[in-house]
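I have placed the structure first, in the form of structure tokens, so that the comments after it can refer back to it.
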Amino acid sequence: MNGMMIVSAALAGAAMWLWPGDGGAGRLKRAQDDGDRTAPSATLLLEMLAVSIRQGASIPRALDAVGTAWGGECGGLMIRTAAALHRGAGWPNAWALACGDERFGPLMMLVADTLEPSWRHGSSPLPHIEAAAEQIDKDSRRRIEEAAAKLGVRMLVPTGLCFLPSFILIGIVPAIASFGFELFG
């Protein structure tokens, strides 16, 4: 068994040594780029901001940290917004580019609306973040329940159309036939 493990490790090492390329860095970069094709989950993004703020980061620093961690175009928008806030830009001006983005604009608008009261009044953003995340979860759950209810209704019609003829042929026709045999038989 140990010999088999040594041979496997040697073959894996040889394959990596002979593999043309960059040692996997290109694959990692492509995976990160592929992951940026869709907007991140709003709840996940808000929770990441909440964790950063709980650790003592200011709003601009939290945006910078989460943007750096997230990467891609969405992360870049957060980093640019944080830099604008650090430079002293007003809240609407700092968020203008991010909220105007065609792919990530609605998500950035949600983050901006969630954090704005805390930025303007100097209060903790954590209650606002938690409330926004709960509202997103409630809305998502409501949409799922509505879709499930619609699916149940849509499935009822074909199911009824399949069971009704069989019920008539298996249940009602034999009952009528036996009743007829009793009366006329």
Side-chain angles (χ1 to χ4, degrees), residues 15-16 19-155 158:
M16 289 303 293
W19 182 267
D22 51 7
R27 289 188 301 275
L28 178 61
K29 175 69 174 138
R30 283 191 301 276
Q32 289 172 342
D33 289 345
D34 289 345
D36 193 38
R37 288 188 182 152
T38 61
S41 162
T43 306
L44 176 62
L45 195 61
L46 289 172
E47 290 298 331
M48 289 173 69
L49 286 167
V51 167
S52 183
I53 290 169
R54 276 189 200 105
Q55 296 303 316
S58 63
I59 290 176
R61 180 65 190 122
L63 288 169
D64 187 49
V66 172
T68 301
W70 195 268
E73 185 180 342
C74 182
L77 291 171
M78 287 190 285
I79 292 169
R80 281 187 224 111
T81 302
L85 290 171
H86 275 300
R87 285 191 311 267
W91 189 261
N93 294 336
W95 284 96
L97 177 67
C99 293
D101 187 73
E102 68 181 51
R103 284 196 320 173
F104 301 112
L107 178 64
M108 293 296 117
M109 183 72 75
L110 171 73
V111 173
D113 290 344
T114 301
L115 297 176
E116 184 177 14
S118 298
W119 179 261
R120 294 204 183 278
H121 303 295
S123 62
S124 173
L126 293 175
H128 299 288
I129 291 172
E130 290 167 1
E134 285 177 21
Q135 186 62 43
I136 291 167
D137 287 343
K138 284 180 185 176
D139 291 344
S140 176
R141 200 171 310 115
R142 181 186 47 79
R143 282 192 302 274
I144 289 169
E145 289 171 357
E146 286 175 358
K150 287 179 185 177
L151 179 64
V153 170
R154 286 186 196 162
M155 289 179 64

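Predicted model, so just to flag it, every value in this text is computed and none were measured.
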Problem set entry | Heavy-atom neighbours of R154 CZ exceed 12 at 6.0 Å | no

For this session: Decide yes or no for T114 and L49: does some side-chain heavy atom of the first lie under 4.5 Å from some side-chain heavy atom of the second?
Result: no

Exercise. Nearest 0.5 Å, what's the OG-CG distance between S41 and D137?
Worked result: 8.0 Å

Seminar exercise, completed: Between the CG atom in L110 and the SG atom in C99, the distance rounded to the nearest 0.5 Å is 9.5 Å

For this session: For residues V111 and L63, determine if any side-chain heavy atom of one lies less than 4.5 Å from a side-chain heavy atom of the other.
Result: yes

Problem set entry | Salt-bridge present (E146, K150; N to O < 4.0 Å) | no

Exercise. Going by heavy atoms in the side chains, are W95 and E116 under 4.5 Å from each other?
Worked result: no

Problem set entry | Non-hydrogen atoms of A133 and L46 that approach each other most closely | N-CD1, 4.0 Å

For this session: Kindly compute the distance separating CD1 (I129) from CD (E47), expressed to the nearest 0.5 Å.
Result: 8.0 Å

Exercise. Out of curiosity, K138 NZ to I136 CD1, how far, rounded to the nearest 0.5 Å?
Worked result: 12.5 Å

Problem set entry | OG on S58 to CD1 on I53, rounded to 0.5 Å | 8.0 Å

Exercise. Does some side-chain heavy atom of D101 sit less than 4.5 Å from a side-chain heavy atom of E73?
Worked result: yes

Exercise. Is any side-chain heavy atom of S123 closer than 4.5 Å to a side-chain heavy atom of H128?
Worked result: yes

Sequence neighbours left out, cut at 3.5 Å: what donor-acceptor pairs do the side chains of residues 75-91 make with other protein atoms?
| unit_1 | atom_1 | unit_2 | atom_2 | d |
| --- | --- | --- | --- | --- |
| T81 | OG1 | L77 | O | 2.8 |

Problem set entry | L44 vs W70, side chain to side chain contact (heavy atoms under 4.5 Å, CB included): CA-CA, chis, key distance, verdict | CA-CA 11 Å; L44 176 62; W70 195 268; 3.6 Å; yes

For this session: Check whether any side-chain heavy atom of R54 lies under 4.5 Å from a side-chain heavy atom of L126, and answer yes or no.
Result: yes

For this session: May I ask you to say whether R141 pairs ionically with E145, meaning some side-chain N is under 4.0 Å from a carboxylate O?
Result: no

For this session: Using a 4.5 Å cut-off on heavy atoms from C-beta on, say whether the side chain of W119 contacts that of P60.
Result: yes

